[in-house]
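Working notes, structure below.
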Amino acid sequence: MKLKTFTSGIFENNPVMKQVLGLCPALAVTTSAINGIAMGLATTAVLIGSNTVVSLVNNLIPTKVRIPSYIVIIASFVTVVDLVMNAYVHDLHKVLGLFIPLIVVNCVVLGRAESFASKNGLLESLTDAFGTGFGFTLALFVLGAVREVLGNGSVMGFDLFGSGFKPSIVMILPPGAFIALGFLMVGYKYLDERKRVKRGGV
Amino acid sequence: MKDSPFKMVLVLTIITTISALILAFVYAGTKDQIAEAYRQDFLKGLKVVLPGFENAPDTEFKEMKGYKVYIGKKGGEVFGYAVRAVSPKGYSGDIAVLVGVDTKGDILGIQILKHAETPGLGNKIEFKEWRDTFVGLDKSDNIAVKKDNGIIDEFSGATISPRAVCEAVNTGLDILSRFTVGGEK
Amino acid sequence: MELFLIFVGAVFVNNLVLARFLGICPFFGVSKKVDTAIGMSLAVTFVMAVAGIITWIVQYAVLDKFGLQFLQTIVFILVIASLVQFVEMVIEKTSPDLYQSLGIFLPLITTNCAILGAAIINIQSGFGFVEMLVFTMGSALGFGLALVLFAGIRERIDLSDIPYYFRGMPIAFITAGILALAFMGFSGLV
């Protein structure tokens, strides 16, 4: 049961690939694998914080002001992450820039608070935050890695092919983000269906 | 308990107040570190254009026509000056360049502080090999891209970004020439 | 001239959706039909303009004055959320017709990062009041343009025979990529 909560966010209900949420940061910062991981971890940190608090205080919040309350809670965690990153990992903060405050409106975070943490206990909500965060980070890492390999000929900053390789620059430009994610989704859909067929489902 | 409007306002107020308090606390705790990070960032740039300074050039500067001219010292002696110059002619927006010269007016190094040029094309202005082609040049050299009959390499497919950098470098040299020997006084 | 450049830049060159990756969720979510795309664009334009004005004033009259810049994120999102709620209530009371056509989009707008994104860009770029207005209108128009164009293309895609695994979102993304590629032709204009 617990394990299911954790793993579901990674593949089956991957926030990016399956639920198609949190796309803005997923597309914008994934020009390299390391940026993808950084954005994923920042989002995970916010998710863990907001899921924890929401699951704890949920009973005290009247239904009508639920969403605004959640937004305030999320925005606080985002600001904390923003300040801490600016202070201690300044270079990464510079790269991710605008997209750190925008974690506030990342539908993944609000979505988990609203649909999971508000209905479950602390432990379950934490597990869910870790699972979803990991899935999100994984998706961003893969997308970043694919774009970095094709667009720059390197992965995590290491040169892969030597100087003979002509990278297709378009992959690290905006259009490449859409195209790479499109093809990754084709692959995801294929794997997903294969998995389901194997299990004997439809 | 019913959800009365009073309770709704109360809950929201409490949440917002707690958030603001926590944030004020975190902000106070990280403020100095953030300022220091920005300073280190700028010092990193200064290290490129005033190699080997032993003072703190970011706090030792003279104002000149609204520009700050940073002074580099080694063993108590002034050995170079640096200035931040901006060209608005980048492919996408301003390009800010830090230019450093020695006391004779020869370029010690340049560093790109800010740009939004296309990755893979215009952003090659960040590369050390390219920036190093400026080292040793001075105001009398024809600092412009080869397409404009200058001596600086442009990149295939990207002339605008290097051209803007050249413009910024020339602006910087103009300011700095007031400090260096042999320049106009 | 300056203002014109900001406007053209916001509509075409740094298109909110296709170059800056803001407002991607509604871009894919409500672009199946041209009609809904137009409705969404109008709602976004309105909220973005009002939110831009209020956040700009709040930033300079309150946050900067009292050294509270670190509260920017939380204050801006609160302004946007309450604004959306307010607009929804007003439209519902005054114009049921408009509510019918725009109402369903309004709740979605709170979590549309284009609104918050544009508000923050306004501040980061140090725009004055008029520049801010021009940039906001340009951004909103750019968003609408991309959304409506994309919806038009998707209506066509629905009629075509697409390989099984590409159906739905994957082909939509690849199409958006090609659209973004086309928009890159505008870069260097400003």
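Chain letters run A, B, ... following the sequence lines, proteins first and then strands; every chain starts at 1.
- Considering every non-hydrogen atom in both A:V80 and B:V26, the closest pair reads CG2-CG2, 4.0 Å.
- One distance of note links CZ of A:R66 with CG of B:L12; it measures 13.0 Å at 0.5 Å rounding.
- Atom CD1 of residue A:I169 and atom CG of residue B:N123 lie 8.5 Å apart, to the nearest 0.5 angstrom.
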(message) Apply side-chain contact (heavy atoms from CB on, under 4.5 Å) to residues A:I61 and B:I15 and explain how you reach the verdict.
(response) CA-CA 10 Å; A:I61 299 174; B:I15 292 180; 4.0 Å; yes
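- What you find for A:N86 and B:Y38 is that their closest heavy atoms are ND2-OH, 3.6 Å.
- Interatomic distance, B:E36 CD to A:H90 NE2, rounded to the nearest 0.5 Å: 11.0 Å.
- Using a 4.5 Å cut-off between heavy atoms, B:K44 contacts chain A through its side chain alone, with no backbone atom that close.
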(request) Starting from the C-alpha separation in whole Å, work towards a yes-or-no answer on side-chain contact (heavy atoms from CB on, under 4.5 Å) for B:S19 and A:I73. (result) CA-CA 7 Å; B:S19 299; A:I73 293 168; 5.5 Å; no
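- Atom CG of A:D82 sits about 9.5 Å away from atom OG1 of B:T30, to the nearest 0.5 Å.
- Residue A:F130 places its CZ atom among 12 or fewer non-hydrogen atoms of other residues, nucleotides or ligands, all under 6.0 Å distant.
- With chain B as partner, the option from A:T79, A:V170, A:V57, A:V84 having the largest number of non-hydrogen pairs under 4.5 angstrom is A:T79.
- No more than 12 heavy-atom neighbours from other residues, nucleotides or ligands sit within 6.0 angstrom of CD on B:E77.
- Here the closest heavy-atom approach between residue A:L60 and residue B:V11 is recorded as O-CG2, 3.7 Å.
- For the atom pair NZ of B:K114 and NZ of A:K94, the computed distance is 12.0 Å after rounding to the nearest 0.5 Å.
- With a 4.5 angstrom heavy-atom cutoff, A:N152 does not touch chain B via any of its atoms.
- Taken to the nearest 0.5 Å, the CD1 atom of B:I22 stands 7.0 Å off from the OG atom of A:S76.
- For A:L173, the part lying near chain B is the side chain, with the backbone staying farther off; criterion is any non-hydrogen pair under 4.5 Å.
- When the shell of 6.0 Å around CZ of A:F134 is examined, it contains 12 or fewer heavy atoms from other residues, nucleotides or ligands.
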